[in-house]
Q: 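First the structure, which I've put down as structure tokens, then a few questions once you've had a look.
Just so we're on the same page: letters track the sequence lines, and every chain starts at 1.
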Amino acid sequence: MAEQLSTDDVRKVAHLARLKLSDQDVERFTGQLADILRYVEQLKEVDTDAVEPLVHAVELTNVLRDDVPRASLPRDAALSNAPAADGAYFLVPPILENA
Amino acid sequence: MSSRLTDTGARDLLRLLETGEVSCVDVAAAHLDRIGAVDGAVEAFLSVDREQVLADAAEVDRKRQTGESLGRLAGLPVAIKDNICAAGAPATCASRMLEQFVSPYDAHVIGRLRAADAVLLGRTNLDEFAMGSSCESSAFQPTRNPWDAERSPGGSSGGSAAAVCAGMAPLALGSDTGGSIRQPASFCGVVGMKPTYGRVSRYGLVAFASSLDQIGPFARGVEDAALLLEIIAGHDPRDTTSVDQPVPSYLDTLDEPLKGLRIGVVPEHFGEGLDSDVETRVQDAIDVYRSLGAEIREVSLPHSKYCVAVYYIVAPSEASSNLARYDGVHYGFRAAEYDGLIDMYAATRGAGFGDEVKRRIMLGTYALSSGYYDAYYVKALKVRRLIRQDFDAAFQEVDVIAGPVTPAPAFRIGELIDDPLAMYLNDIYTISANLAGVPGISLPCGFTSSELPVGLQLMAAPFEEERLLRAARMYEREADVPIRRPPLGMLPGGSV
């Protein structure tokens with residue numbers, strides 16, 4: 001599994017997770033996450049070659065329902081918690097540069 | 001009258017309400033007054049809408065007076081963990097990210113409570129997004145343990161546990177992903193239960209780790225917990241993992257002792273690191289079962305020692321995906337300053353989430369990332385199956401497994417906050433029930449020499465809640481643990 005976790009690894013993961021961190025945060029999280037990953041290393045000693053992963057405790061088959069139209073959340077309710085909306089849409093910053 | 005009502009359990013309150021000795025408004029007002037008197041010191045609630053609570057209670061009184069049919073919890077106040085959506089109420093998840101959020105709809109369990117004419121009392125504190133074991137990762141306040149204000153009530157459902165413990169609510173709902181109902185129940189000396197995965201719909205529960213999360217009841221006694229579970233359990237097509245199996249009437253059979261009960265004791269649960277007072281109290285509890293004629297058998301859960309390692313891959317992986325929705329667009333907080341869309345996401349999430357949530361999102365992102373997916377995530381899921389198989393084998397031998405809930409009683413606030421791994425190890429006896437999907441209950445079994453509550457954990461095979469509750473009730477009745485209330489007069493600000 002993992003070699004020693006570096007601050008660069010933490011920066012990369014924070015970027016993938018879209019988390020802006022200060023340099024101080026990166027230092028602190030690197031040590032803490034390395035501790036946890038070191039603890040998790042113990043799983044290596046378990047022989048799991050013939051074991052299927054268990055994704056869910058209750059292994060379910062597909063749950064199907066009739067395709068019947070029904071009311072969804074009204075638009076104003078769906079928009080009511082948005083940090084920026086214009087009454088019809090969620091507002092986001094420009095996605096394309098110079099668009 | 002007022003203080004007597006807040007000492008009275010749910011079933012007894014219902015009897016008083018039915019006979020007309022007290023009104024729903026009396027009961028609601030007594031609990032609101034209790035909150036006013038002691039919650040300045042305990043800080044169990046994040047919000048209480050006093051006017052709404054009294055209005056809802058008055059409506060139940062009106063229905064009773066006019067002879068309308070009433071639900072089974074008519075007029076009973078129920079406190080709600082602040083990660084369960086109730087239309088028109090906040091659901092902050094104790095996070096800055098959702099500080100201003102107002103739920104547009106009811107969770108399934110809230111719909112059930114409303115249909116039963118319960119009165120929603122207030123929103124209880126938790127670790128941010130239910131990630132934690134102490135309530136200290138709440139962005140707003142650290143709830144205090146009513147037994148000792150210097151100590152944590154546990155977490156993540158610490159607000160619900162403390163509210164029930166301190167007489168601020170007769171019943172409360174929590175959620176349990178790795179022990180978040182059972183551990184605070186144990187720390188506060190109340191009953192808390194995590195049902196089988198799929199027994200209670202998760203619709204409207206803010207998702208943390210979807211394959212582990214389960215809603216369950218808090219109460220001061222087993223009967224009251226059984227009553228609340230009966231109301232909230234059952235199939236809901238809006239949660240596709242909700243299981244379509246009939247819900248037995250737990251209360252009907254609760255007082256029937258189980259004949260030939262086989263209790264499993266797991267030697268791994270009594271090893272190094274277990275506090276000696278906790279061990280003594282739990283062994284005493286097992287002796288009570290012995291005195292009742294139960295057969296005590298050793299069973300092995302050889303892979304349980306890996307449960308914390310498995311959990312801290314599986315739960316953060318699911319969390320990193322679930323919490324991707326907090327992007328500053330659909331709901332919640334958006335950072336004031338940013339440079340373009342991607343930076344808006346990162347700045348919003350960097351400022352909106354606390355440290356524990358960030359740690360878990362990063363851990364999950366790492367475990368799911370290219371190159372590590374098989375080594376961490378898939379490996380953990382394989383060991384998860386071995387943990388489940390251990391339980392399946394054990395429940396061929398025994399009906400119920402008994403042991404401690406936590407290695408030690410309530411720790412001091414601040415004691416573990418800088419050492420996440422040490423905090424995680426608090427959940428070493430509770431996590432495996434979530435990984436395996438089995439039901440578990442924590443019930444009070446006495447006190448340590450320093451007057452802190454100790455919990456007994458019982459676990460049973462999937463969908464054996466009826467057996468689990470009956471076994472718990474057998475102990476509760478026989479042990480007849482004297483009812484003790486926390487010394488709240490000692491708390492700063494406590495006036496009772």
Side-chain angles (χ1 to χ4, degrees), chain A residues 1-2 5 9-10 12-22 25 28-29 32-33 35-60 62-63 65 73-74 76-85 90-97, chain B residues 100-102 104-105 197-198 211 237 240-241 243 303 306 308-310 312-313 320 327-334 338 340-347 349-351 353 358-359 361-363 365-366 369 372 375-376 378-386 388 420-421 424 434-437 462:
Chain A
M1 289 190 192
L5 194 75
D9 293 332
V10 170
K12 185 179 159 213
V13 169
H15 173 70
L16 290 173
R18 301 288 184 262
L19 291 168
K20 189 173 271 186
L21 301 181
S22 69
D25 288 341
R28 197 160 32 90
F29 286 138
Q32 290 171 338
L33 293 173
D35 276 354
I36 298 163
L37 290 173
R38 216 172 294 122
Y39 179 81
V40 168
E41 294 284 308
Q42 63 177 292
L43 294 180
K44 276 201 293 196
E45 70 195 44
V46 188
D47 178 2
T48 53
D49 285 351
V51 183
E52 284 294 310
L54 178 68
V55 177
H56 252 264
V58 181
E59 291 179 276
L60 299 158
N62 277 336
V63 177
R65 62 168 170 80
L73 204 58
D76 52 341
L79 290 171
S80 63
N81 283 295
F90 295 103
L91 296 181
V92 296
I95 290 169
L96 300 173
E97 302 278 324
Chain B
Q100 307 298 329
F101 180 80
V102 177
Y105 62 88
Y197 185 81
S211 83
T240 53
T241 63
V243 174
H303 296 93
Y306 300 111
V308 175
V310 170
Y312 279 96
I313 295 300
S320 73
D327 57 359
V329 174
H330 297 96
Y331 27 67
F333 169 79
R334 179 186 288 184
Y338 48 83
L341 183 72
I342 301 290
D343 194 55
M344 188 278 282
Y345 296 146
R349 292 160 61 81
F353 292 136
K358 286 177 188 159
R359 266 193 292 275
I361 289 174
M362 287 194 286
L363 201 53
T365 304
Y366 185 75
S369 63
Y372 297 106
Y376 285 107
V378 175
K379 180 76 183 183
L381 291 179
K382 288 179 172 181
V383 181
R384 182 179 184 182
R385 181 175 297 279
L386 295 174
R388 169 60 188 253
L421 184 57
Y424 298 170
N434 300 81
L435 292 170

Q: Once rounded to the nearest 0.5 Å, what's the spacing between atom OH of B:Tyr376 and atom CG of A:Leu43?
A: 9.5 Å

Q: Would you say that A:Leu37 contacts B:Leu363 through its side chain, given a criterion of any heavy-atom pair below 4.5 Å between the two side chains?
A: yes

Q: Where do B:His303 and A:Val46 come nearest, in terms of heavy atoms and distance?
A: CD2-CG1, 4.1 Å

Q: Is it the case that the side chain of A:Arg18 and the backbone of B:Arg349 share a donor-acceptor pair, with hydrogens and angles ignored and the cut-off at 3.5 Å?
A: no

Q: Measure A:Leu91 against the heavy atoms of chain B and call it side chain, backbone, both or neither at under 4.5 Å.
A: backbone

Q: Quick check for you: among B:Ala380, B:Pro104, B:Gly350, B:Ala309, which has the greatest number of heavy-atom pairs under 4.5 Å with chain A?
A: B:Ala309

Q: I need the minimum non-hydrogen distance between A:Val63 and B:Thr240, along with the two atoms involved.
A: CG2-O, 3.5 Å

Q: Could you work out, with side-chain hydrogen bond (donor to acceptor under 3.5 Å, both in side chains) as the rule, every residue matching A:Thr48, not counting sequence neighbours?
A: B:Lys379

Q: Under 4.5 Å from any heavy atom of chain B, what part of A:Gln42 do you find: side chain, backbone, both or neither?
A: both

Q: List the atom of A:Gln32, the atom of B:Arg359, and the distance in Å for their closest heavy-atom pair.
A: OE1-NH1, 2.7 Å

Q: Counting heavy-atom pairs under 4.5 Å with chain B, which one of A:Ala82, A:Ala84, A:Ala85 comes out on top?
A: A:Ala82

Q: Provide the closest heavy-atom pair for A:Pro83 versus B:Gly328 in the form atom of the first, atom of the second, distance.
A: CG-O, 3.1 Å

Q: Say you draw a straight line from CD1 of B:Ile342 to CD1 of A:Ile95; how long is it, rounded to the nearest 0.5 Å?
A: 9.0 Å

Q: B:His330: what forms a side-chain contact (heavy atoms from CB on, under 4.5 Å) with it, not counting sequence neighbours?
A: A:Phe90, B:Asp327

Q: Report which part of B:Ala351 has an atom under 4.5 Å of a heavy atom belonging to chain A: side chain, backbone, both, or neither.
A: neither

Q: Does A:Ala57 offer a backbone N or O that forms a donor-acceptor pair with the side chain of B:Arg388 under 3.5 Å?
A: yes

Q: Counting only heavy atoms closer than 4.5 Å, note whether A:Leu21 contacts chain B via side chain, backbone, both or neither.
A: side chain

Q: Side chains of B:Val308 and A:Tyr39, heavy atoms from C-beta outward: is any pair under 4.5 Å?
A: yes

Q: Can you measure from OH (B:Tyr366) to CD1 (A:Ile36) and round to the nearest 0.5 angstrom?
A: 12.5 Å

Q: Please flag which part of B:Ala347 lies under 4.5 Å from any non-hydrogen atom of chain A: side chain, backbone, both or neither.
A: both

Q: Can you confirm whether A:Val55 sits close enough to B:Ser211 that some side-chain heavy atom of one is under 4.5 Å from a side-chain heavy atom of the other?
A: no

Q: Passes salt bridge (charged side-chain N to carboxylate O under 4.0 Å, His left out), A:Lys20 versus B:Asp343? Steps please.
A: CA-CA 8 Å; A:Lys20 189 173 271 186; B:Asp343 194 55; 2.7 Å; yes

Q: Of the backbone (N, CA, C, O) and the side chain (C-beta and beyond), which part of A:Asp47 lies under 4.5 Å from a heavy atom of chain B, both, or neither?
A: backbone

Q: Check whether B:Met362 gets within reach of chain A through its side chain, its backbone, both or neither, counting any heavy atom under 4.5 Å.
A: both

Q: So which of B:Leu341, B:Val310, B:Ile361 has the biggest tally of heavy-atom pairs under 4.5 Å with chain A?
A: B:Leu341

Q: Chain A heavy atoms under 4.5 Å from B:Pro462: which part of the residue, side chain, backbone, both or neither?
A: neither

Q: Do you know the tightest heavy-atom contact between A:Pro93 and B:Gly340?
A: CB-C, 4.4 Å

Q: If you count heavy-atom pairs under 4.5 Å between each of B:Ser369, B:Ala436, B:Gly332, B:Gly198 and chain A, which one has the most?
A: B:Gly332

